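Written out below as structure tokens is the structure these notes cover.
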Number of protein chains: 2
Amino acid sequence: MVTIGDVAREAGVSRSTASYALSGKRSISEPVRLRVAEVAKSLQYTPNAGARSLATSQTKVIGLLAQFLEDEFAPAMLQYILGVSNTARELGYDVLLVTEPDGTAALRRISDSRMIDGIVLLNVAEDDARLEVLRAAQQPGALVGLPKDTRGVDVFDLDFEEAGREMVEHLHRLGHRELILASQPEHVVERGGAYVWRLQNAAAAAAAARGITLHTAFAPASQPEVGTALHELLDTYPDATALLVNNEAAAAALPSVLNARGISSPRDLSVLGRYSDEFARTFSLPFSSIESAPDRLGSMAVRQLVRRIEGEIGPGDPFVTRFVAPEIVDRGSTAPPR
Amino acid sequence: MVTIGDVAREAGVSRSTASYALSGKRSISEPVRLRVAEVAKSLQYTPNAGARSLATSQTKVIGLLAQFLEDEFAPAMLQYILGVSNTARELGYDVLLVTEPDGTAALRRISDSRMIDGIVLLNVAEDDARLEVLRAAQQPGALVGLPKDTRGVDVFDLDFEEAGREMVEHLHRLGHRELILASQPEHVVERGGAYVWRLQNAAAAAAAARGITLHTAFAPASQPEVGTALHELLDTYPDATALLVNNEAAAAALPSVLNARGISSPRDLSVLGRYSDEFARTFSLPFSSIESAPDRLGSMAVRQLVRRIEGEIGPGDPFVTRFVAPEIVDRGSTAPPR
DNA sequence: CTGAAAGCGCTTACAG
DNA sequence: CTGAAAGCGCTTACAG
């Protein structure tokens, strides 16, 4: 392999001069700088990442911890990953993707071995075991998802409470008085998936405040079970005029459920989901939804992380918890009840 | 951070002895070995990855190049990525995920900088520009997808030709005499996505050999366009009794298309797709399909790659091109025509 | 069975 | 403006 020594020799300068000429970290005479740059290019010189990280304690790699759990809908995860990956690259970082089930062990491994400069955690739970490891780590961390204890980390999430309120208010405004909310599986709640009850509680409170009825139910995250569950829900509450869906798998299954029942939306039932526009297109979902903005959240997390890595924000600066405001993307599936 | 020097001092041995005791690469007296192991554990010693890679020229990281193209259906990609990631971890490797559009630049960057020990290429095209870079690289490479020129790389793919034959033969056996094949967008073909015409040509040949009719057509890879295209196809060939689908987006859209037309499968139309079982569950697809085995292909590619990385197979050993035999997963959507 | 030393390829104070 | 040297934290021949 071609090293900086090769470049230096070929350019007739010392290795340090070659290094400085390439990095621009001290003033170098124009002819020397040009000559070094030229030689580096012609020799196709690329710094050895291991050597550089050893010398600088910087790897230019971000660790991305994603979990693919049974009770979460995998296609929805992909968009967060791409949001992180694309923004990282834009800022000059590569991504080490870790999908192993034991997140704490993985985190310890990549952190202790100094493979990465910073860490992004996906699917963060209320009481996430990885957080303890992350706080003890040398590298800064950014989360997508709100844990109970946000100390020492930057947090980004959709404002699920506002989302719950907005969903209810939007339908109340249209005249609906009996709503159903299909959430994620109860198992997600037990595991600490706070976004489930954050949306649910806020929706319930909003409904109560307006004196309207909200039936809430957990629904599976896998096909075809979720379809059956939706049928049962609609059977159980025949007078409900609107369906709120905080469950990507349920949203994906809904078109065929409505079809099977001969129900058309919004004529017979108003529907309002919570998923991204990309997701809507992938699954041809004709329902209006609260945009969950996975790419934006992933991007925000990386940007903040890189600011910490590069010292633009110091360890003294306060950690942030930022919520993306929910916005309804209107696909025409809500209307006044008949 | 705690270095091997700390461990050595604490254990009262030299750094080299500490290193050897931990690696087991030369015989160490039992008491010393134990003492070092103990100290390493109590100090939570983890080798610095950069330093180790500099010394050994091994990073224990595999580069994974995935492209998310407009004309491919993203959710189908995820399963390949997980197959690679899970197998890599099982074999002691981490995964550097690269999703940037310019694959050749990315490949050069991670290869030249020695960030990785080997490379897995996804979405390989007939005439993939990344291959030239890969062949010039120091690290071995494994592909998922068959290019025209397979020199210098190990290749894994579904046997799309056999898949095309089997699809046609299966339906011919049931008594069908007029079939439709919906492929990927023509744009994929132009880009060199060989799996499109490999399946298509084999299917056409099989149909010709049996004297039956096969209508072939390209279909979009995005929603909702692909739904419209399917409607047009079914309008154009009203006498066809079976539909073959080599297009994940089309398969995902098909249930609602059939529903809208009041067509039920297999009563009115036999349907046979080409996608994974995982995909079928995600999208609740009730159609029989040729299993595309993304996790298995990803896993095979990584296993072979690691064998090369670790010298179990030398550069002299022949490169392999291995096809996974297509198998039909019967979900009951094919039957004799009415 | 163990230790002192060299070397991997960088970057960056330290001198001049 | 430039060079010689030290040091990052490992591993591994080389000696004994």
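Note that the coordinates shown come from a computational prediction; the quantities given were computed from them, not determined experimentally. Below, chain A is the first sequence line, B the second, and so on; all start at residue 1.
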Given that both distances must come in under 3.5 Å, which nucleotide forms a Watson-Crick or G-U wobble pair with D:dG3?
C:dC14
One pair to check against salt bridge (charged side-chain N to carboxylate O under 4.0 Å, His left out): B:Asp94 and A:Arg109. What are the steps and the verdict?
CA-CA 10 Å; B:Asp94 276 298; A:Arg109 177 166 48 80; 2.4 Å; yes
Passing option when A:Thr321 is tested against A:Leu146, A:Asp157, A:Leu143 for side chain to side chain contact (heavy atoms under 4.5 Å, CB included):
A:Leu146
Positional range of nucleotides in DNA chain C within the contact set of chain A, heavy-atom, under 4.0 Å
C:dG9 to C:dC14
Taking A:Val124 as the fixed residue, which of A:Leu122, A:Asp128, A:Asp127 is the one that meets the side chain to side chain contact (heavy atoms under 4.5 Å, CB included) rule?
A:Asp128
Check whether any side-chain N or O of B:Arg135 sits under 3.5 Å from a backbone N or O of B:Arg151 as a donor-acceptor pair, and report yes or no.
yes
CA sep, side-chain torsions, deciding dist, call: B:Glu312, B:Arg303, salt bridge (charged side-chain N to carboxylate O under 4.0 Å, His left out)
CA-CA 11 Å; B:Glu312 216 174 296; B:Arg303 284 179 200 287; over 6 Å; no
Is the side chain of B:Asp117 donor-acceptor paired with the backbone N or O of B:Thr59 at a distance under 3.5 Å, no angle test?
yes
Stepwise salt bridge (charged side-chain N to carboxylate O under 4.0 Å, His left out) check, B:Arg35 with B:Glu10
CA-CA 9 Å; B:Arg35 177 116 186 77; B:Glu10 188 80 9; 5.6 Å; no
Taking atom types as modelled, find out whether A:Asn86 and B:Thr99 have a side-chain donor-acceptor pair closer than 3.5 angstrom.
yes
Output the residues of residues 11-33 of chain B in contact with DNA chain D, where contact means a heavy atom of the residue under 4.0 Å from an atom of the strand; sort by number or write none.
B:Arg15, B:Ser16, B:Ser19, B:Tyr20, B:Lys25, B:Arg26
